[in-house]
Amino acid sequence: YTPLMSYFLYKVDRIVATSSNYADSSKVLKKYNDKVVIIPIGLNDDIFPYVDDTDLEIMKSKVGQNFFLFIGSLRKYKGLNVLLDAIYSTNLKCVIAGSGAEEINLIEQSKKLKLSNVQFLKQVNDKEKVALLKLCRAVVFSSVLRSEAFGVSLVEGSIFSKPLISTSLGTGTSYVNLHGNTGIEVPPSNSKALRDAMIQLNDNEELSNKMGSAARLRYEELFTGQLMGQKYVELYESL
């Protein structure tokens, strides 16, 4: 479909990319630099349901707390096989919430590695998601391909003041998660680097809290739904 895509992009007036990182590293978008506008994906924190102490205790009884959390579709490019390798032979606790084509393969891998420190929750509702985000130590994002263009669950982690662990893909993940500030960025498909990052946050609560606070501040500055809406209104009016 490349000819159709090229013709379409040639004809449109503006192309929205969700981060400058993605736009700068895209071979396709480089041809249309004069048309590209950057508008990050935003979320309003009031879209999440209220979770009381009882809700938290129910989830805590299932998964505990201070675990590393992945929320999303279980697709190949998410690199969850790397995440499972990373927690092998460690005491790091991990919760994987979501379903998808890779679910059977990941459960099989977990059984082969005899992992007792990972839990698969399948799909969770919004209340359960909030409880998981409140209870976790950090949000982990182990994606291995540019198919991971932004990483909305990184923004969700930021809303709840959680530090972020993500991979350097040349996409929006590096824009949401500033290495050394809001969390830690590691090379993709590198289970040792991912393990080291998780151990660092697991063993250093002060650093974890500091990065989580920085993530919340970055969310308020760049990733609110209100700001996204405002930028789209400005774009539409300019056309």
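All heavy atoms count here, side chains included; hydrogens, waters and symmetry mates do not.
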Got a second to check how far L69's CG is from K93's NZ, nearest 0.5 Å?
12.5 Å
Within a reach of under 6.0 Å around CG of N91, are more than 12 heavy atoms found that belong to other residues, nucleotides or ligands?
no
From K78 atom NZ to I96 atom CD1, the distance as rounded to the nearest 0.5 Å:
12.0 Å
A quick test of your reading: do over 12 heavy atoms of other residues, nucleotides or ligands sit less than 6.0 Å from CD of E205?
no
For the pair E108 and K112, find out whether any cationic side-chain nitrogen is under 4.0 Å from an anionic carboxylate oxygen.
no
Taking all non-hydrogen atoms of both residues into account, name the closest pair between V37 and R14 and its distance.
CG2-CD, 3.7 Å
So, do S208 and R137 sit near enough that their side-chain heavy atoms are less than 4.5 Å apart?
yes
Heavy atoms from other residues, nucleotides or ligands near CZ of R216 exceed 12 (cutoff 6.0 Å):
yes
Between D85 and S191, do the side chains contain a donor N or O and an acceptor N or O under 3.5 Å apart?
no
For Y88, I'd like to know if atom OH has over 12 heavy atoms of other residues, nucleotides or ligands within 6.0 Å.
no
Close side-chain approach of C136 to N66, heavy-atom, < 4.5 Å:
no
Hits for salt bridge (Lys or Arg N to Asp or Glu O under 4.0 Å) against K129, two or more places apart or cross-chain, chain-then-number order -> E156
Taking every non-hydrogen atom, the tightest pair across A17 and V36:
CB-CG1, 4.1 Å
Check: Y219 main-chain N/O paired with S158 side-chain donor or acceptor under 3.5 Å:
no
F160 ring center within less than 6.0 Å of F48 ring center:
yes
Enter the distance from L164:CG to S153:OG here, rounded to the nearest 0.5 Å.
9.0 Å
Evaluate I184 against M211 for side-chain contact (heavy atoms from CB on, under 4.5 Å), listing each step before the verdict.
CA-CA 9 Å; I184 303 171; M211 287 180 165; 4.2 Å; yes
When every non-hydrogen atom of T173 is compared with those of S166, the smallest separation belongs to O-OG, 4.0 Å
S213 side, atom OG; K162 side, atom NZ - distance, nearest 0.5 Å
10.5 Å
Any chance NZ of K210 has more than 12 other-residue heavy atoms, nucleotides or ligands included, within less than 6.0 Å?
no
Could you check whether any side-chain heavy atom of L83 comes within less than 4.5 Å of a side-chain heavy atom of C94, counting everything from C-beta outward?
yes
Establish, yes or no, whether the cationic atom of R146 lies under 6.0 Å from the six-membered ring centre of Y77 and within 45° of the ring axis.
no
To the nearest 0.5 Å, atom CG of L84 lies from atom CD of Q109 at 4.5 Å
What do you reckon, is CD1 of I47 surrounded by more than 12 foreign heavy atoms closer than 6.0 Å?
yes
Distance col, row S19:OG vs L222:CG, nearest 0.5 angstrom, shows 11.5 Å
Please determine whether the number of non-hydrogen atoms from other residues, nucleotides or ligands lying under 6.0 Å from atom CG of D34 exceeds 12.
yes
Between T224 and M228, does a side-chain contact (heavy atoms from CB on, under 4.5 Å) hold up when you go through it step by step?
CA-CA 6 Å; T224 66; M228 178 179 69; over 6 Å; no
How about L194 and I165: do any of their side-chain heavy atoms sit closer than 4.5 Å?
yes
Are F150 and T171 side-chain neighbours, meaning at least one heavy-atom pair lies under 4.5 Å?
no
Looking at every heavy atom in both S142 and G79, which two are closest together, and how far apart are they?
OG-O, 3.1 Å
How about Y1 and F8: are their ring centroids closer than 6.0 Å?
no
May I ask you to decide if L178's main-chain N or O and T182's side chain share a donor-acceptor pair within less than 3.5 Å?
yes
Can a side-chain donor-acceptor contact be found between Q123 and S99 if the only test is distance below 3.5 angstrom?
yes
Identified side chain to side chain contact (heavy atoms under 4.5 Å, CB included) partner of I15 from the options L29, V28, N33:
L29
